[in-house]
Amino acid sequence: MDRQDIIDHLLDHYETPRYHGTLAGADVVMPGGHPDCGDVVTIYLKVDTTGQFIEGLAFEGEGCSVSQAAASILAEMLQGAPLTRVDELEFTEMIDTLGRDVVKSRQRCATLALGTLKAAVAHYRKAQQREQALTDG
Amino acid sequence: MAEYANPGVLVNTAWVADHLNDPNVRLVESNEDILLYDTGHIPGAIKIDWVADLNDPVTRDYLDRERFEQLLGAKGISNDTTVVFYGDKNNWWATYAFWVFKLFGHKDARILNGGRAKWIAEGRELTKTVPNYPVATYRAPERDDRRIRAFRDQVMEHLKQANPTLVDVRSPQEFSGEKLHMPEYPQEGTLRGGHIPGAQNIPWAQAANADGTFKSRAELEELYQGKGITPDKDVIAYCRIGERSSHTWFVLTYLLGYPQVRNYDGSWTEWGNMVGVPIEKTYQG
């Protein structure tokens with residue numbers, strides 16, 4: 001994609017966000033945010049019964065176009081994906097996915113949703129471990 | 001707008017509409033949101049981004065003379081161009097870009113009163129077409145950081161005065177130390193909450209009306225002079241990184257005509273983290 005295509009893609013997601021809103025039955029509701037541009041994203045994560053795959057992923061948020069478009073693109077990209085894909089997805093890959101040429105000056109905004117999702121996955125796993133420990137105990 | 005000390009520094013939306021095709025006028029949009037310009041801007045306007053264009057990519061500082069000349073030349077701005085800044089959020093980032101241009105002494109810089117919001121509220125034309133101007137020649141002096149910019153050592157010297165005049169333009173919650181950033185913004189970035197000792201808290205946006213235009217001169221005088229920020233003082237304004245305080249610097253310098261106002265761009269992200277400097281904190285929670 002050239003620069004204009006990247007901008008159009010981001011604006012499309014910003015103006016018509018996918019998977020935007022709350023998610024009924026979410027296993028984790030994880031808020032996240034960055035100070036320098038006032039972006040706030042809350043990730044709703046639901047994991048399937050195997051505990052291995054994303055069953056549902058949605059977000060709510062406010063802030064700049066890059067942060068909100070990134071959340072939409074991420075949610076669309078990871079529906080049904082294994083949780084390990086979240087582990088593997090690095091910030092640099094996210095920036096490249098969004099369009100490095102356009103978002104490089106707002107990298108914190110571009111990676112806000114991913115960072116929040118990673119925190120949500122970590123929270124889910126800890127909760128599962130605690131539950132397992134109680135069951136085993 | 002004739003009431004202000006320097007009325008020519010502000011233009012209204014009608015003036016801009018009348019000068020859309022004036023080759024001596026360049027409209028510059030500067031926003032917090034990097035893609036806002038791409039959703040639609042005033043016809044003929046170019047974008048200058050505070051991170052990508054105005055900041056040095058390595059050192060926490062502004063661009064140097066050479067990069068400034070290249071930037072303006074590439075945007076088709078020459079030394080004689082009338083540059084009119086406008087942007088989102090009460091022209092917060094527009095005044096920041098204005099301030100950086102003044103560090104290089106650009107002669108004819110102005111602000112669109114009411115900014116992007118007022119232009120849109122009036123139903124005026126927006127376009128997604130990005131203009132392409134012929135490259136211009138721009139010759140800038142070395143950046144002058146002495147007159148309108150303050151550094152931490154200068155702030156510390158300032159504090160040795162009997163009654164140092166500092167304006168903390170952040171929110172009351174940041175000023176008191178309750179929060180490290182504006183309410184609704186994530187709270188991180190500095191180790192300590194509070195303010196520089198002796199500072200007066202006058203949040204920057206109090207200088208703006210609901211439609212984004214600047215308040216009247218009488219209202220502004222009451223706002224600042226009521227807290228001892230008078231034109232006879234050597235004034236330093238600050239916030240977190242110097243962007244909100246650029247708005248106050250603009251108001252005091254151009255709308256009220258104060259002769260000595262500096263913007264401390266290190267601001268609370270420097271002062272609140274710096275070893276060996278005092279703070280005041282009124283929040284006891």
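Keep in mind that what you see is a predicted model, and the values were worked out from it rather than measured. To find a chain, count down the sequence lines: A is the first, B the second, and so on, and within it residues start at 1.
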Output the residues of residues 6-20 of chain A for which the shortest heavy-atom distance to chain B is under 4.5 Å, in residue-number order; output 'none' if no such residue exists. A:Ile7, A:Leu10, A:Leu11, A:Tyr14, A:Glu15

Per-residue contacts, residues 86-99 of chain A versus chain B, heavy atoms under 4.5 Å: none

How about [X]: does its [atom1] atom have over 12 heavy atoms from other parts shown lying under 6.0 Å from it?
X        : atom1 : value
B:Asn132 : CG    : no
A:Lys104 : NZ    : no
A:Glu62  : CD    : no

Are the side chains of A:Val102 and B:Leu35 in touch, meaning some heavy atoms are under 4.5 Å apart? yes

Would you say that B:Asp33 contacts A:Gln68 through its side chain, given a criterion of any heavy-atom pair below 4.5 Å between the two side chains? no

Working to the nearest 0.5 angstrom, can you tell me the gap between A:Gln4 CD and B:Lys128 NZ? 9.0 Å

Gap between atom OG of A:Ser67 and atom CD1 of B:Ile34 - 0.5 Å precision: 12.0 Å

Should the pair B:Asp49-A:Arg106 be classified as a salt bridge under the 4.0 Å nitrogen-to-oxygen rule? yes

